[in-house]
2 protein chains.
Amino acid sequence: MQPYVLIVEDEDALATLLEYNFTKEGYDVGLAGDGEEALLLAAERTPDIILMDWMLPKLSGVEACRRLRRREETRNTPIIMLTARGDETDRITGLDYGADDYLVKPFSIPELFARTRALLRRSQPSLLEDIIRQGDIEIDVKAFRVKCGDTQVHLGPTEFRLLDHFMRHPGRVFSREQLLDAVWGRDVYVEARTVDVHIGRLRKAIKKTRKVDPIRTVRSAGYAFEIAA
Amino acid sequence: MQPYVLIVEDEDALATLLEYNFTKEGYDVGLAGDGEEALLLAAERTPDIILMDWMLPKLSGVEACRRLRRREETRNTPIIMLTARGDETDRITGLDYGADDYLVKPFSIPELFARTRALLRRSQPSLLEDIIRQGDIEIDVKAFRVKCGDTQVHLGPTEFRLLDHFMRHPGRVFSREQLLDAVWGRDVYVEARTVDVHIGRLRKAIKKTRKVDPIRTVRSAGYAFEIAA
DNA sequence: TAGAAGTGTCACATAACTGTAATACACTTG
DNA sequence: CAAGTGTATTACAGTTATGTGACACTTCTA
């Protein structure tokens, strides 16, 4: 749904400033105060992008960077380094150790946004799309609308998020647990069977204007979204 | 209609910064990295205004300027030169070769906006028209007037700003928090539910002369303005 | 300065959505 | 085909979000 940005910054004032701005811009924000915490948080939920301070307590930004690159899940996660010094040496070191971009403090928030978007566009274009289309089904995330062909379809919030998630990963099979994580949220306790019910509701809503069901049930595995070929 | 601004700037950071700000301000933005690209883009779609860096690869700003002036479509298009040097010589040369204004880097974004608006007002006043129309609803921002069809509608200040905001972003869903930010102001502490009340008041005022409600409630997300399709 | 207009909150009614459990159905396998 | 396992569907009760009128308070306006 929303891009998840992990902000690793030990300076409190800057951290809250960033958190405020990114939240407002529509990102999910995770905050870590040092390198170790960053690794933990990143393991818990893989970020879509990481902003990392160069100087960090416990584990420097560069080192954290290196370790993130060693992990499968974060190997290709874009990282932007925030550095106080501006000299060429740092730049090269930072980019060498796996950062994708860097910004020298003090930087402007709009510029940070611009770079963030640029990197996200490269790594996960679908996260920035406002309109996602699969076959004749189309959702507009900003407007919260769903269309099947030319007909508007009304969905409840959960069904909307569910469809959104499916359409961003067409063809892939998700277990009920994965769907709960992605659509309901990590720390929500809900029966796995509840997913079935919402899948049913989503199907029913779509069926009104579309004959073929785009959701495939994979017995004993989960569900997948696919437009019939 | 949004004004189309062509930004010609080879320095990436500045280019993204400008793109970001102009887009946010409601302009259509075209980006060119050098003089040649600028000429191509300008030929493709005639800009309403051009921001051009003085120093450019391939084709200097001054030269690009001259060539633009030779073309019929861009003969009267306002051009703002962005220059790093501030000396009188450059200024005169720049203006001689057809720039309408110039700014010395570093400049402030608001000032750039001000000059842009000034030039646009001179060349294409209609683009800055303070009348916004969506379907049969029309508001005159300067005069604080709202019309539904031919009937005047009276709105309180808050409802007016609310409608203004909605009509500038038709179709898009805004959360209560976003609306508070945009309509009430950043540092005003007001209950989120107060938005509901004002939405209600706005609806009631519009309903007097219009049967269909142009404001869509999106449960658990916020409100959106849209003229029924 | 009185009256009008506008503002922000609250309380309550209502509508929309959720999660669960029960039941019916489908598929697999021996 | 019968048992066993997994999924679809339905009904429902609980929960949450929204619509609205009332009201006290502030800010204009004549």
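Chain A is the first sequence line, chain B the second, and so forth, proteins listed ahead of strands; every chain is numbered from 1. Everything quoted here is computed from the prediction, not taken from an experiment.
Closest to the side chain of Thr217(A), from the set dT18(C), dA8(D), dT9(C), is dA8(D). Closest to the side chain of Val190(A), from the set dT20(C), dT20(D), dG6(C), is dT20(C).
Residue order along DNA chain D, read from the 5' end via each residue's closest nucleotide, puts Ile199(A) first among Ile199(A) and Lys207(B). Mapped onto DNA chain C by nearest heavy atom, Leu155(B) and Thr194(B) fall at different nucleotides, with Leu155(B) at the one closer to the 5' end.
No donor-acceptor pair closer than 3.5 Å links the side chain of Arg176(B) to the backbone N or O of Val195(B). Although no hydrogens or angles enter the test, the distance criterion places a donor-acceptor pair under 3.5 Å between the side chain of Glu9(B) and the main chain of Glu11(B). Without hydrogens or angle criteria, Asp101(A) side chain to Ile80(A) main chain gives no donor-acceptor distance under 3.5 Å. Using a distance-only test at 3.5 Å, with no hydrogens or angles considered, no donor-acceptor pair links the side chain of Glu63(A) to the main chain of Ser60(A). Asp164(B) places no side-chain N or O within donor-acceptor distance of the main-chain N or O of Phe160(B), the cut-off being under 3.5 Å. In this structure, the side chain of Thr74(A) engages the main chain of Leu68(A) through a donor-acceptor pair within 3.5 Å.
At the phosphate of dA17(D), neither OP1 nor OP2 sits under 4.0 Å from any side-chain N or O atom of Tyr223(B). At dA21(C), none of the side-chain N or O atoms of Arg193(A) fall inside 4.0 Å of OP1 or OP2 (strictly under the cut-off). Side-chain nitrogen and oxygen atoms of His154(A) include at least one within less than 4.0 Å of the OP1 or OP2 phosphate oxygen of dC17(C).
On a pure distance criterion of 3.5 Å, no polar donor-acceptor pair joins the side chain of Arg201(B) and the base of dG21(D). At a cut-off of 3.5 angstrom, counting only N and O atoms as typed in the model, there is a donor on one side and an acceptor on the other between the side-chain of Arg219(A) and the base of dT5(D).
Note: Trp184(A) and His198(A) have perpendicular aromatic rings, judged against thresholds of 30 and 60 degrees for the angle between ring planes.
For the pair Arg216(A) and Tyr223(A), the cation does not sit on the ring face, since its NZ or CZ is not both under 6.0 Å from the ring centre and inside 45° of the axis.
A donor atom on one side chain and an acceptor atom on the other are found under 3.5 Å apart for Thr217(A) and Arg203(A).
One interatomic measurement links the two molecules: NZ of Lys204(B) to P of dA5(C), which rounds to 14 Å at whole-angstrom precision. Atom CG of Leu162(B) and atom P of dG8(C) are 11 Å apart (whole Å). Taking atom CZ of Arg203(B) as the reference point, atom P of dG21(D) lies 13 Å away to the nearest angstrom. Distance, Arg161(A) CZ to dT18(C) C1': 11 Å, rounded to whole Å. A straight line from CD1 of Ile215(B) to C1' of dG19(D) spans 13 Å, rounded to a whole angstrom.
Between its two ends, the helix from dT1(C)-dA30(D) to dG30(C)-dC1(D) turns its axis by 30°, counting five pairs per end and rounding to 10 degrees.
For the segment residues 170-188 of chain A, residues with any heavy atom less than 4.0 angstrom from an atom of DNA chain D are, sorted by number, Arg176(A).
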